[in-house]
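Residue numbers run from 1 in the order of the sequence given. Everything quoted here is computed from the prediction, not taken from an experiment. The figures here come from the full heavy-atom set of this structure, side chains too, leaving out hydrogens, waters and symmetry mates.
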Amino acid sequence: MEWQAKWLAPAEDLGDVAPLFAKDFSLAGKVQKAVLYITALGVYEASLNGSRVGEFVLAPAWTAYYKRLQYQAYDVTALLKEENALKVLVGKGWYRSRMPGWQGSAYQAGLQKNPAALLAQLMITYEDGSTQTILSDESWTVSESSVRFSEIYDGEIYDASIEAFSPAPVKIFDGPFHTLIPQQGEEIREQERIAAATVFVTPKGETVVDFGQNLTGYVEISLTAGKGQVVDLSFAEVMDKEGNFYTENYRSAKAQYHYTCCDGPQTYKPKLTFYGFRYIRVNEFPGGVEKMDKACFTAVVVHSDLKRTGYLTSSNPLLNQLFDNIFWGQKGNFVDVPTDCPQRDERLGWTGDAQVFVRTACLNYDCEKFFTKWLSDMTADQGENGRIGHVVPDLLQAERSSAAWGDAAAICPWEVYLAYGNPGILKAQFETMKKWVGYITSTTTTENLWTGGEHFADWLGLDAPSGSYKGSTREDFIASAFYAHSTALVIKAGKVLGEDVSEYEALHGQIVEAFRKAYPTYETQTECILAAHFGLAPDRQAAADQLADMVKAAGVQLKTGFVGTPYILHVLSDYGYTDLAYSLLLREQYPSWLYPVTKGATTIWEHWDGIMENGDFWSADMNSYNHYAYGSVADWVYSTACGITTQEDFPGYERARIAPHPDSRLDWLEAVLDTRHGRISSRWKKEGGLWEYAITTPVPAEIVIDGVNHEVQAGSYIFYSAI
Ligand code: BGC
């Protein structure tokens with residue numbers, strides 16, 4: 001793309017008001033094709049002759065802006081007329097909002113210094129072959145807009161009562177060209193509309209609308225009002241134990257929505273920000289809150305435009321709700337970047353959370369493009385010494401990487417490769433993966449182990465000493481285990497790419513040896529899990545046996561946090577404890593996956609006890625009700641309970657292995673997976689006193705029923721085994 005356009009900014013700073021850039025132009029003939037190339041420092045919404053250009057909301061989305069800024073190309077042929085008005089509204093977005101909310105960020109402060117700038121180039125080709133180009137340049141104008149304020153955490157203030165804005169001059173801004181890249185990720189789009197379910201008045205006398213689902217997006221209001229009247233809304237995920245509206249867990253995120261009406265019927269939704277919520281409190285409404293009709297409000301669900309590929313259903317309604325919550329957790333947090341949560345003053349691309357969830361993510365939805373883009377941002381923000389940020393884009397710029405967070409650099413590309421079979425992702429990320437392992441090698445204080453770092457440890461582990469977020473698993477144990485794991489993944493990736501990995505093979509051998517010496521015994525569930533799952537224990541079966549004993553001794557309870565939880569069921573079922581794995585999956589008391597479901601959860605919680613048995617909250621400062629990480633359990637349901645995996649030598653399900661593990665506490669369970677090679681399904685159910693397995697594979701597969709292997713061609717099969 002040859003850019004002839006210039007970056008524009010308002011000649012006079014408009015402060016918090018979102019500028020509206022405008023350009024009028026006429027056509028010189030019959031148009032064959034017209035394409036608008038456009039981007040901004042912020043988020044933009046473009047319209048041509050009053051019609052929205054494209055469906056991308058929050059464009060150009062969020063990248064490692066110092067290195068990469070996406071531009072979009074829209075075919076606008078159908079929108080053109082003889083006389084045209086092109087308008088572009090630019091909000092602060094991820095580029096210029098204050099972020100994160102709890103500490104300063106020099107990275108973000110550097111971006112925030114920029115003005116609300118726009119770059120646009122409309123290329124028109126006429127039927128006679130001639131061309132015309134409309135460029136952002138000095139001939140454009142800019143005005144204030146009704147968007148008086150708009151930021152990622154703090155929401156929007158909109159004033160529809162202002163009747164006219166006078167056009168003012170723009171100035172040319174020395175904006176970035178060297179960082180421009182064509183759109184690489186998925187577009188963020190409006191996906192669903194949800195009508196308000198109920199309205200109620202709380203004990204405090206506040207009027208609350210419940211949408212029945214915790215979600216990410218915004219609220220459309222539709223009403224008839226008088227000029228100057230106000231609709232003012234607040235957002236919340238949960239109600240407190242007294243039944244009052246609870247916003248403390250949003251921390252410093254104001255998440256406001258303040259709308260001043262014009263005269264007559266009107267419909268509006270903020271589109272330059274987003275909110276994570278299930279409930280809205282109506283603070284102000286024309287004629288009084290009691291005049292409010294719930295039909296005025298519609299929740300609009302917004303996330304990356306991912307194709308759904310996975311489906312899980314069972315005979316257990318609580319389990320089905322858990323599955324649903326896992327999908328909602330992903331939708332709510334896959335808004336261009338895999339974020340920890342969509343509501344409080346974070347909403348950041350936490351690397352640890354992403355690696356915990358990546359396998360499940362790639363089963364539920366086609367995330368190849370989504371992760372390819374995010375991993376490119378990871379590479380862009382990787383330190384010279386191989387350091388990987390806690391978050392990507394790396395607003396936090398921590399000097400030291402954390403184990404199991406930075407390891408996303410190795411884990412995510414490998415998982416994306418296994419899911420879709422395209423070595424392109426390994427090729428693109430191989431240097432980053434190697435540099436990551438090199439970072440550990442060069443910063444550890446003990447050769448062949450990873451010691452002396454600063455880590456998040458087994459974050460939120462239930463065996464944490466009181467007052468700590470970190471589980472009891474030794475930090476250097478986790479770090480050294482992940483050092484081995486990432487090195488093993490570099491070896492695997494290198495082999496796929498035909499690279500010489502002998503150096504890493506030698507390193508891996510040394511790490512395993514040093515690890516065994518340093519850690520001959522295991523003290524926590526997570527230590528057993530890592531030792532078995534990463535192949536570090538000299539006797540893996542013994543490590544798994546110890547895990548099973550610990551789980552039983554704890555009263556069939558998991559004590560694991562972010563590090564141990566994604567693997568616990570796998571380790572149990574891989575070493576003969578499938579029954580116990582099911583006991584954890586199906587457990588309804590705290591702590592468990594189903595406990596939040598019994599408390600009415602519609603998404604995955606950050607804490608197993610986000611709402612405690614007595615109705616109290618875990619805490620105010622770290623208590624998100626839309627945190628996808630523990631949703632990673634879905635991967636065990638697809639791959640072990642229903643048994644669908646890819647054969648590692650035939651990634652992307654070019655050849656499948658289907659080895660279901662039924663459990664008599666369920667009557668039936670089904671997984672359906674749309675792969676690059678077609679739809680695989682696996683269902684087992686109780687039938688006539690037997691297990692009946694219905695399996696469909698579009699590719700040659702190894703089906704394993706009750707320990708017996710069947711090599712099959714593509715087709716549908718029924719098997720039976722004793723219950
Ligand atoms: C985030 C987590 C993240 C963690 C790092 C939290 O504030 O919400 O999900 O991984 O910090 O310890």
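- Counted by atom type alone, S376 and Q184 present one or more donor-acceptor pairs between their side chains at under 3.5 Å.
- For the pair R540 (side chain) and A544 (backbone), a donor-acceptor distance under 3.5 Å is absent.
- The aromatic ring centres of Y107 and Y66 sit less than 6.0 Å apart.
- No donor-acceptor pair closer than 3.5 Å links the side chain of S304 to the backbone N or O of I188.
- With 3.5 Å as the limit, one finds no donor-acceptor pair spanning the side chains of N626 and S624.
- One side chain, T379 or T432, offers a donor N or O that lies under 3.5 Å from an acceptor on the other.
- Between A484 and H508, the shortest heavy-atom distance links the atoms O-CD2, 3.2 Å.
- For an aromatic pair to be called close, the ring centres must be under 6.0 Å apart, and W436 with W450 satisfies this.
- Looking at T441 and Y483, their side chains do bring a donor and an acceptor atom within 3.5 Å of each other.
- Here the closest non-hydrogen pair linking V358 and V416 is CG2-CG2, 4.3 Å.
- D353 has its side chain out of reach of P338: every pair of non-hydrogen atoms, C-beta onward, lies at least 4.5 Å apart.
- P100 places a side-chain heavy atom less than 4.5 Å from the side chain of L348.
- Around atom CD of E384, no more than 12 heavy atoms belonging to other residues, nucleotides or ligands sit under 6.0 Å away.
- Taking the side chain as every heavy atom from C-beta outward, F482 and V563 approach each other to under 4.5 Å.
- Taking a cutoff of 4.0 Å between a charged side-chain nitrogen and a carboxylate oxygen, E702 and R655 do not qualify as a salt bridge.
- Pairing each heavy atom of P393 with each of V337, the nearest pair is CD-CG2, 4.1 Å.
- Between M622 and E606, some side-chain heavy-atom pair lies under the 4.5 Å cut-off.
- Of all heavy-atom pairs spanning A464 and K470, the tightest one is CB-O, 3.2 Å.
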ask   = When you look at S681 and Y311, which way does the side-chain contact (heavy atoms from CB on, under 4.5 Å) test go after all the steps?
value = CA-CA 9 Å; S681 66; Y311 304 84; over 6 Å; no
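- We find the CZ-CD distance between F371 and E415 to be 9.5 Å, quoted to the nearest 0.5 Å.
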inquiry  = Please evaluate residues R587 and L558 with respect to the criterion side-chain contact (heavy atoms from CB on, under 4.5 Å), reporting the C-alpha separation (whole Å), side-chain torsions for both, the decisive distance (0.1 Å), and the verdict.
reply    = CA-CA 10 Å; R587 182 184 160 90; L558 41 68; over 6 Å; no
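- If you check the side chains of N422 and E368, you find a donor sitting under 3.5 Å from an acceptor.
- Note: Y469 and W459 meet the aromatic proximity criterion, with ring centroids under 6.0 Å apart.
- Between the side chains of Y577 and D545, at least one donor N or O sits under 3.5 Å from an acceptor N or O.
- Atom CD of Q541 is surrounded by more than 12 heavy atoms from other residues, nucleotides or ligands within 6.0 Å.
- Note on ring orientation: taking the six-membered ring where Trp is involved, the planes of F562 and W405 are parallel (angle under 30°, cut-offs 30° and 60°).
- The side chain to side chain donor-acceptor pair (under 3.5 Å) test with R676 is passed by exactly one of D366, T646, T309: D366.
- Smallest separation of non-hydrogen atoms from E186 and D336: O-OD1, 3.9 Å.
- In summary, K434 and E499 do not engage in a salt bridge, as defined by a charged side-chain N under 4.0 Å from a carboxylate O.
- Interatomic distance, T521 OG1 to E527 CD, rounded to the nearest 0.5 Å: 7.5 Å.
- No donor-acceptor contact under 3.5 angstrom links the side chains of D476 and T451, judged on distance only.
- Side-chain N or O atoms of T675 include one that pairs as donor or acceptor with a backbone N or O of G678 at under 3.5 Å.
- Side-chain contact between I425 and L375 is present, with heavy atoms from C-beta onward closer than 4.5 Å.
- L572 CG to L584 CG: the interatomic distance, rounded to the nearest 0.5 Å, is 6.0 Å.
- The OH atom of Y504 sits 13.0 Å away from atom CG of L489, with the distance rounded to the nearest 0.5 Å.
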query = What's the verdict on side-chain contact (heavy atoms from CB on, under 4.5 Å) for T487 and E505, showing C-alpha distance, side-chain angles and the deciding distance?
reply = CA-CA 8 Å; T487 306; E505 286 175 322; over 6 Å; no
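- Within the 3.5 Å criterion, the main-chain N or O of L395 finds a donor-acceptor partner in the side chain of S105.
- Of the possible donor and acceptor atoms, none in the side chain of E654 sits under 3.5 Å from a partner among the backbone N and O of G421.
- Residues H570 and D635 have side chains that bring a donor and an acceptor to within less than 3.5 angstrom of each other.
- Taking 4.5 Å as the limit, some side-chain heavy atom of T351 sits within range of a side-chain heavy atom of W374.
- Judged by distance alone, the side chain of S468 and the main-chain N or O of P465 form no donor-acceptor pair under 3.5 Å.
- Between W618 and W608, the gap from one ring centroid to the other reaches at least 6.0 Å.
- One side chain, S573 or W636, offers a donor N or O that lies under 3.5 Å from an acceptor on the other.
- Between the NE2 atom in H533 and the SG atom in C528 there is a gap of 14.0 Å [rounded to 0.5 Å].
- The closest donor-acceptor contact from the side chain of Y95 to the backbone of A61 lies at 3.5 Å or more, if one exists at all.
- Between the side chain of E648 and the main chain of F650, no donor-acceptor pair closer than 3.5 Å is present.
- Using a 3.5 Å distance cut-off with no hydrogens or angles, the side chains of S486 and D407 do pair a donor with an acceptor.
- Counting only N and O atoms by type, the side chains of T526 and D458 include a donor and acceptor under 3.5 Å apart.
- Here F456 and H390 bring their ring centres to under 6.0 angstrom of each other.
- A distance of 10.0 Å separates CG of D381 from CE of M378, quoted to the nearest 0.5 Å.
- A 4.5 Å side-chain heavy-atom check between W605 and N623 finds every atom pair outside the cut-off.
- Between the side chains of T645 and S639, not a single donor N or O lies within less than 3.5 Å of an accepting N or O.
- Salt-bridge check for E431 with K435: failed, with every basic side-chain N at 4.0 Å or more from each acidic carboxylate O.
- Looking at every heavy atom in both residues, A671 comes nearest to Y638 through CB-CD2, 4.0 Å.
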key: Stepwise salt bridge (charged side-chain N to carboxylate O under 4.0 Å, His left out) test for K67 and D377   = CA-CA 8 Å; K67 304 279 175 60; D377 289 308; over 6 Å; no
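- Cation-pi geometry between R308 and F327 is met: the NZ or CZ atom falls under 6.0 Å from the ring centre, inside 45° of the normal.
- In this structure, the side chain of Q525 does not engage the main chain of G564 through any donor-acceptor pair within 3.5 Å.
- Aromatic ring centres of F534 and Y567 lie closer together than 6.0 Å.
- Distance alone, capped at 3.5 Å, places no donor-acceptor pair between the Y519 side chain and the A531 backbone.
- At a threshold of 4.5 Å between non-hydrogen side-chain atoms, the residues K373 and R68 count as touching.
- The aromatic ring centres of Y365 and F334 sit 6.0 Å or more apart.
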